[in-house]
Amino acid sequence: MTIHSESLALSLASINPAMLALIGGVLAALALLVVVLLLRSASLRREQAEEASFRAEENEARMAELLKIQAEMQGRIAVMTEVFGARQSELNQTISQRLDGMSQRVSSTITEQTKSTHENLQRLQERLAVIDAAQNNIQTLAKDVVGLQAILSNKQTRGAFGQSRMETIVADGLPMGAYAFQQTLSNGSRPDCTIRMPNGAPPLVIDAKFPLEAWNAIRDAGSPEAGKIAGQQFRRDMEVHIRDISEKYLIQGETQDTAFLFVPSESIFAEIHEHFEPVVQKAHRARIVIVSPSLLMLSIQVIQAVLKDQRMRAQAHLIQGEVAILMDDLSRLDERVRKLQGHFAMAQKDIDMVVTSADKLTRRGAKIEALEFEAGGSDAKPARDSETAAKSVESRTGLLKLRVVDEE
């Protein structure tokens, strides 16, 4: 320390006084600058302290305001809590009411749906019962079809089936005695049906035998060649059957010149006319008419109309006699009506005369009731007039009585 100070003193002694003065000025300036800085720092600290106190006051004011706002918020929150509680209770009550209503509606809807489902199930059961009955009918029909197929597989039973259909149509359309089944002809043949024609004409022959085997062979053919062969066989069978009918049943003077070949199916009849036209033409040339059930029914109706017309013509003279008797009755009725009309006219005339007499009596009574005597003249004249009037009245009254008695 001593060495350092001594070195400092030696260095200061060696320095120039001007330099020292300069250094002293610099030091004074530095000291002044330090003082100014200290003053400024003090003022800054004072300003900072004031600012800090101002900020503290502002913070306190803000804190107080925040506390006030917090208190208000707490009050509002309490009010809102109460409002929300009331609203929540109302909402809970409304929701409970709506839930009750919805539960009631749901329960009623479920009840209705259950009832509707029960009714639908009941209807479904009824329909299933109907379907079961229909299925049983179908099964029965299938058995009947199988039986019919078994019947048609036999030639004799097939002929009996066609003949039964033909007999049913004829029996339904014609009266008893207008037809005969299995009647023997002069050549010993027995046609299936003969229909008696009007005016003593020969009967019409109907044959119900049909070659169904060849037709079933056409239906059962599995190839075009087999179908062609079956068609040829069916054509030959039809031609043979047409020739047999023409030879057996068309007898000159005993039967009609035309006979019917009955086909017991509309579809077979249509197929024959569509695909076997030569067979139809040959039947026409042989005076054999192929008829279906509908055509046979139409023919029976025409024959029935002809028979009815023939019966009407046979009874024409009886009808004319009845008409003549009816005309006589009508003439007598007209005469009696005219006499009755005359009686009514006379009675009406008498009634008119009675009404006229009654009108006259009424008028005369009114005149007598309204009779007035003239005033003036002598006393005797009114007396005479009164006596005359009295006599006149008495005479008139007597006359009236006499007339009434006469009229009675």
A.B. asks: Below 4.0 angstrom, N of the basic side chain to O of the carboxylate: do Asp334 and Arg338 qualify?
C.D. replies: yes
A.B. asks: May I ask you to decide whether Lys349 forms a salt bridge with Asp352, counting only side-chain N to carboxylate O separations under 4.0 Å?
C.D. replies: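 Salt bridge flag = no for Asp352 with Lys349.
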A.B. asks: Could you tell me which residues satisfy salt bridge (charged side-chain N to carboxylate O under 4.0 Å, His left out) with Arg287, sequence neighbours excluded, listed by chain and number?
C.D. replies: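 Applying salt bridge (charged side-chain N to carboxylate O under 4.0 Å, His left out) to Arg287 gives none.
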A.B. asks: Got a sec: does the CD of Glu277 have more than 12 other heavy atoms crowding it under 6.0 Å?
C.D. replies: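 Yes, because the 6.0 Å sphere around CD of Glu277 holds more than 12 heavy atoms from other groups.
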A.B. asks: So, taking the atom named NE2 in His118 and the one named CD in Gln113, what distance separates them when rounded to the nearest 0.5 Å?
C.D. replies: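 One finds 14.5 Å between NE2 of His118 and CD of Gln113.
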A.B. asks: I'd like to check the side chain to side chain contact (heavy atoms under 4.5 Å, CB included) partners of Leu99; sequence neighbours left out, ordered by chain and number.
C.D. replies: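 Partners of Leu99 by the side chain to side chain contact (heavy atoms under 4.5 Å, CB included) criterion, ordered by chain and then number, come out as Ile95.
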A.B. asks: Hey, does Asn187 have a side-chain heavy atom less than 4.5 Å from the side chain of Ile251?
C.D. replies: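 Yes - at least one pair of side-chain heavy atoms lies under 4.5 Å apart.
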A.B. asks: Is a donor on one side and an acceptor on the other found under 3.5 Å between the side chain of Ser189 and the backbone of Leu185?
C.D. replies: no
A.B. asks: If you compare all heavy atoms of Ala259 against all heavy atoms of Leu204, which two are closest, and at what distance to 0.1 Å?
C.D. replies: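 For Ala259 versus Leu204, the nearest heavy atoms are CA-CD1, 4.4 Å.
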A.B. asks: List in chain and number order the residues that pass side chain to side chain contact (heavy atoms under 4.5 Å, CB included) with Arg243, two or more places apart in sequence or in another chain; answer none if no residue qualifies.
C.D. replies: Val240, Glu247
A.B. asks: Within the structure provided, determine whether Phe344 and Leu340 are in side-chain contact (heavy-atom separation under 4.5 Å).
C.D. replies: yes
A.B. asks: So do Ile300 and Ile195 actually touch side chain to side chain, heavy atoms under 4.5 Å?
C.D. replies: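 Side chain of Ile195 against side chain of Ile300, heavy atoms only: contact under 4.5 Å found.
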A.B. asks: Residues in side chain to side chain contact (heavy atoms under 4.5 Å, CB included) with Val36, at least two apart?
C.D. replies: Leu32, Arg40
A.B. asks: When rounded to the nearest 0.5 angstrom, what distance separates CE in Met63 from CD1 in Ile69?
C.D. replies: 11.5 Å
A.B. asks: Does atom CD of Glu72 have more than 12 heavy-atom neighbours from other groups under 6.0 Å away?
C.D. replies: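 It does: Glu72 CD has more than 12 such atoms within range.
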A.B. asks: Pro293 and Ser265: which non-hydrogen atoms are nearest, and at how many Å?
C.D. replies: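 Closest approach of Pro293 to Ser265: CD-N, 4.0 Å.
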A.B. asks: Going by distance alone, is a donor N or O of one side chain under 3.5 Å from an acceptor N or O of the other, for Arg123 and Asn120?
C.D. replies: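 Yes - a donor-acceptor pair under 3.5 Å links their side chains.
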A.B. asks: Quick one: do the Gln48 and Arg45 side chains pair a donor with an acceptor below 3.5 Å?
C.D. replies: no
A.B. asks: May I ask you to decide if Glu50's main-chain N or O and Ser53's side chain share a donor-acceptor pair within less than 3.5 Å?
C.D. replies: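 Answer holds: yes.
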A.B. asks: Could I get the full list of side chain to side chain contact (heavy atoms under 4.5 Å, CB included) partners for Leu333, not counting sequence neighbours?
C.D. replies: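 By the side chain to side chain contact (heavy atoms under 4.5 Å, CB included) rule, Leu333 matches Val337.
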A.B. asks: Can you tell me how far the CG atom of Leu295 sits from the CD atom of Glu266, to the nearest 0.5 Å?
C.D. replies: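 Atom-to-atom, Leu295:CG and Glu266:CD are 7.0 Å apart.
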A.B. asks: Using a 4.5 Å cut-off on heavy atoms from C-beta on, say whether the side chain of Leu250 contacts that of Asp257.
C.D. replies: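 No; the side chains remain at least 4.5 Å from each other.
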A.B. asks: Looking only at heavy atoms, which two atoms of Pro202 and Gln256 are closest? And how far apart?
C.D. replies: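 Pro202 and Gln256 have their closest heavy atoms at O-NE2, 2.7 Å.
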A.B. asks: How many angstroms lie between atom CD of Glu271 and atom NE2 of His275, to the nearest 0.5 angstrom?
C.D. replies: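 One finds 5.0 Å between CD of Glu271 and NE2 of His275.
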A.B. asks: Is the shortest heavy-atom distance from the side chain of Phe234 to the side chain of Ile272 under 4.5 Å?
C.D. replies: yes
A.B. asks: Which heavy atom in Pro203 sits nearest to a heavy atom in Met197, and how many Å separate them?
C.D. replies: CA-CG, 4.2 Å
A.B. asks: Give the intermediate values and the outcome of side chain to side chain contact (heavy atoms under 4.5 Å, CB included) for residues Phe262 and Asp192.
C.D. replies: CA-CA 10 Å; Phe262 178 71; Asp192 296 324; over 6 Å; no
A.B. asks: Determine whether Pro191 and Gln183 make a side-chain contact, defined as any pair of heavy atoms from C-beta on separated by less than 4.5 Å.
C.D. replies: no
A.B. asks: With distance as the sole criterion, is a donor-acceptor pair present between the side chains of Gln104 and Asp100 under 3.5 Å?
C.D. replies: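 The answer is no; no qualifying pair exists.
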A.B. asks: Roughly how far, to the nearest 0.5 Å, is CG of Leu37 from CG of Leu33?
C.D. replies: 4.5 Å
A.B. asks: In Å and rounded to the nearest 0.5 Å, what is the OG to CD distance from Ser41 to Glu47?
C.D. replies: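 Answer rounded to 0.5 Å: 11.5 Å.
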A.B. asks: Closer than 3.5 angstrom, by distance alone: can the side chain of Asp207 be matched with the main-chain N or O of Leu261 as a donor-acceptor pair?
C.D. replies: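 No; judged by distance alone, with no hydrogens or angles, the pair does not exist.
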A.B. asks: Go through the steps to decide whether Arg55 and Glu51 satisfy the test salt bridge (Lys or Arg N to Asp or Glu O under 4.0 Å), and finish with yes or no.
C.D. replies: CA-CA 6 Å; Arg55 289 180 179 176; Glu51 186 177 358; 2.5 Å; yes
A.B. asks: Side chains of Leu174 and Arg196, heavy atoms from C-beta outward: is any pair under 4.5 Å?
C.D. replies: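 Contact flag for Leu174/Arg196 side chains = no.
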A.B. asks: May I ask you to test the Val291-Phe269 pair for a side-chain heavy-atom distance under 4.5 Å?
C.D. replies: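 The answer is no; the side chains never approach within 4.5 Å.
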A.B. asks: Looking at every heavy atom in both Ala358 and Thr362, which two are closest together, and how far apart are they?
C.D. replies: O-OG1, 2.8 Å
A.B. asks: Does Glu65, at its CD atom, have more than 12 non-hydrogen atoms belonging to other residues, nucleotides or ligands within less than 6.0 Å?
C.D. replies: no
A.B. asks: Please enumerate all residues that pass ring-ring contact (aromatic ring centres under 6.0 Å, His included) together with Phe181, with sequence neighbours excluded.
C.D. replies: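 For Phe181 the ring-ring contact (aromatic ring centres under 6.0 Å, His included) partners, ignoring immediate neighbours, are Tyr179.
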A.B. asks: Measure across Lys209 and His241 and return the closest heavy-atom pair with its distance rounded to 0.1 Å.
C.D. replies: O-NE2, 2.7 Å
